[in-house]
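Fair warning: this is a prediction, and the values are worked out from it, not measured in the lab. Numbering of residues begins at 1 and proceeds along the displayed sequence.
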Amino acid sequence: MSDIERRIFESGRIEIRKASPTSPVGVRGYAAKFNSLSENLGGFREQIAPGAFDGVLQDDVRCFFNHDENLILGRTTAGTLRISADETGLMYEADLPDTQAARDLAISMERGDITQSSFAFRLAANGDTWDENEDGVIIRTITQFGRLYDVSPVSIPAYPDATSGMRSLEAWKSAKNSKNEAENVQKQAQISQFLAAKRRQLRLHSAI
């Protein structure tokens, strides 16, 4: 499962949905926003392109608290979790179960102690592109997710698990270096050919 990555984006505050002033029944928010740069992930920053979630919205997705599989809040196949993508990003809405953990979460959210969401995913093959902006910052753009595992309200954002992203970054750097080396070799060959032609012209000129 080393290809699973987790991310926390600045995706706006999550909300408690209530049936009455004293009865919390759901949690709603964005797990990710499009075209929003992440924090530094250890050598690169990341953004999600619109449409990247299109192939995974029918996945069997869970809603956990803090990505803890023991604290499940909803599931798409049970109808207790709904996910969708709009022009902003990945929206989720979970119907809270009647459990102590869910009630505690609702109270913490109402107090403003818990305000962020995270999601766990696997990238699709060739599902990202890399570039370097004018400030020298390397940007990874995710264009297609291969699997969406869970969305989670989180209390303390952990450092994102970017292992697969780092491998992809190293592959991009290697390919970029190989391309630069090939271009340098080609340029040197062109220079050598130019100098050789000039020397031949000089010898012909001297012989006349």
Side-chain angles (χ1 to χ4, degrees), residues 1-15 27-57 59 61-69 73 76 81 83-94 105 108-109 112-177:
M1 304 292 279
S2 60
D3 287 340
I4 295 180
E5 302 182 61
R6 292 182 174 86
R7 294 290 186 274
I8 297 171
F9 283 81
E10 290 301 324
S11 51
R13 183 166 177 157
I14 49 180
E15 304 171 347
V27 57
R28 176 174 53 201
Y30 282 96
K33 285 191 173 181
F34 297 132
N35 300 319
S36 176
L37 280 176
S38 72
E39 71 271 30
N40 190 306
L41 299 178
F44 68 97
R45 298 181 72 185
E46 191 172 76
Q47 62 185 355
I48 301 172
F53 289 102
D54 288 355
V56 298
L57 293 177
D59 286 350
V61 181
R62 276 84 164 172
C63 182
F64 298 129
F65 176 44
N66 277 335
H67 294 291
D68 187 335
E69 297 176 4
L73 305 176
T76 54
L81 170 66
I83 59 174
S84 60
D86 59 18
E87 67 279 1
T88 300
L90 179 68
M91 165 74 79
Y92 73 96
E93 184 174 22
L105 170 64
S108 294
M109 289 180 60
D113 298 332
I114 296 174
T115 61
Q116 291 176 290
S117 298
S118 176
F119 68 103
F121 66 92
R122 177 174 51 79
L123 199 67
N126 302 314
D128 60 355
T129 61
W130 295 85
D131 199 7
E132 188 171 356
N133 66 19
E134 58 186 13
D135 296 323
V137 178
I138 297 174
I139 306 295
R140 181 198 199 190
T141 300
I142 295 179
T143 57
Q144 186 62 62
F145 291 101
R147 180 73 167 86
L148 181 62
Y149 293 99
D150 70 79
V151 292
S152 295
V154 290
S155 54
I156 301 178
Y159 186 81
D161 180 1
T163 303
S164 294
M166 292 301 296
R167 289 200 301 267
S168 183
L169 172 61
E170 291 305 315
W172 175 75
K173 285 182 176 180
S174 178
K176 183 181 179 182
N177 290 336

Looking only at heavy atoms, what is the nearest atom pair of [X] and [Y], with distance?
X      : Y      : result
Pro153 : Phe65  : O-CD1, 3.3 Å
Arg6   : Ala120 : CG-CB, 3.8 Å
Ile83  : Leu148 : CD1-CD2, 3.9 Å

Just jot down the side chain to side chain donor-acceptor pair (under 3.5 Å) partners of [X], sequence neighbours excluded, or say none.
X      : answer
Asn126 : none
Glu93  : Arg17
Thr141 : Gln47
Asp54  : none

[atom1]/[X] to [atom2]/[Y] distance, rounded to the nearest 0.5 angstrom?
X      : Y      : atom1 : atom2 : result
Leu123 : Ile142 : CG    : CD1   : 5.5 Å
Glu46  : Trp130 : CD    : CH2   : 7.0 Å
Arg140 : Thr129 : CZ    : OG1   : 9.5 Å
Leu73  : Asp68  : CG    : CG    : 10.0 Å
Phe121 : Ile4   : CZ    : CD1   : 10.5 Å
Ser117 : Arg28  : OG    : CZ    : 12.5 Å

Suppose we screen for side chain to side chain contact (heavy atoms under 4.5 Å, CB included). Which residues come up paired with [X], at least two apart in sequence or across chains?
X      : value
Asn35  : Pro50
Asp113 : Ser108, Arg111
Met109 : Ile14, Ile16, Val27, Leu105, Ile114

Are [X] and [Y] packed together at the side-chain level, in the sense that at least one heavy-atom pair is separated by less than 4.5 angstrom?
X     : Y     : answer
Ile48 : Leu90 : no
Glu5  : Leu41 : no
Arg62 : Leu81 : no

Check whether [X] reaches the backbone of [Y] with its side chain - one donor and one acceptor, N or O, closer than 3.5 Å.
X      : Y      : result
Glu132 : Ile138 : no
Asp86  : Met91  : no
Thr143 : Gly127 : yes
Ser118 : Arg7   : yes

Residues in salt bridge (charged side-chain N to carboxylate O under 4.0 Å, His left out) with Arg147, at least two apart?
->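 For Arg147 the salt bridge (charged side-chain N to carboxylate O under 4.0 Å, His left out) partners, ignoring immediate neighbours, are Asp59.
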Listed by chain and number, what are the salt bridge (charged side-chain N to carboxylate O under 4.0 Å, His left out) partners of Asp135, not counting sequence neighbours?
->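 Not a single residue meets the salt bridge (charged side-chain N to carboxylate O under 4.0 Å, His left out) criterion with Asp135.
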Identify, with sequence neighbours excluded, every residue that meets ring pair (Phe, Tyr, Trp, His ring centres under 6.0 Å) alongside Tyr92.
->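 Once residues adjacent in sequence are excluded, Tyr92 has no partner under the ring pair (Phe, Tyr, Trp, His ring centres under 6.0 Å) criterion.
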Take Asn133 and Arg45 through the test side chain to side chain contact (heavy atoms under 4.5 Å, CB included) and record every step on the way to the result.
-> CA-CA 11 Å; Asn133 66 19; Arg45 298 181 72 185; over 6 Å; no
Do the rings of Phe34 and Phe53 sit parallel, tilted or perpendicular, given the 30° and 60° boundaries?
->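 If you compare the ring of Phe34 with that of Phe53, the planes turn out tilted.
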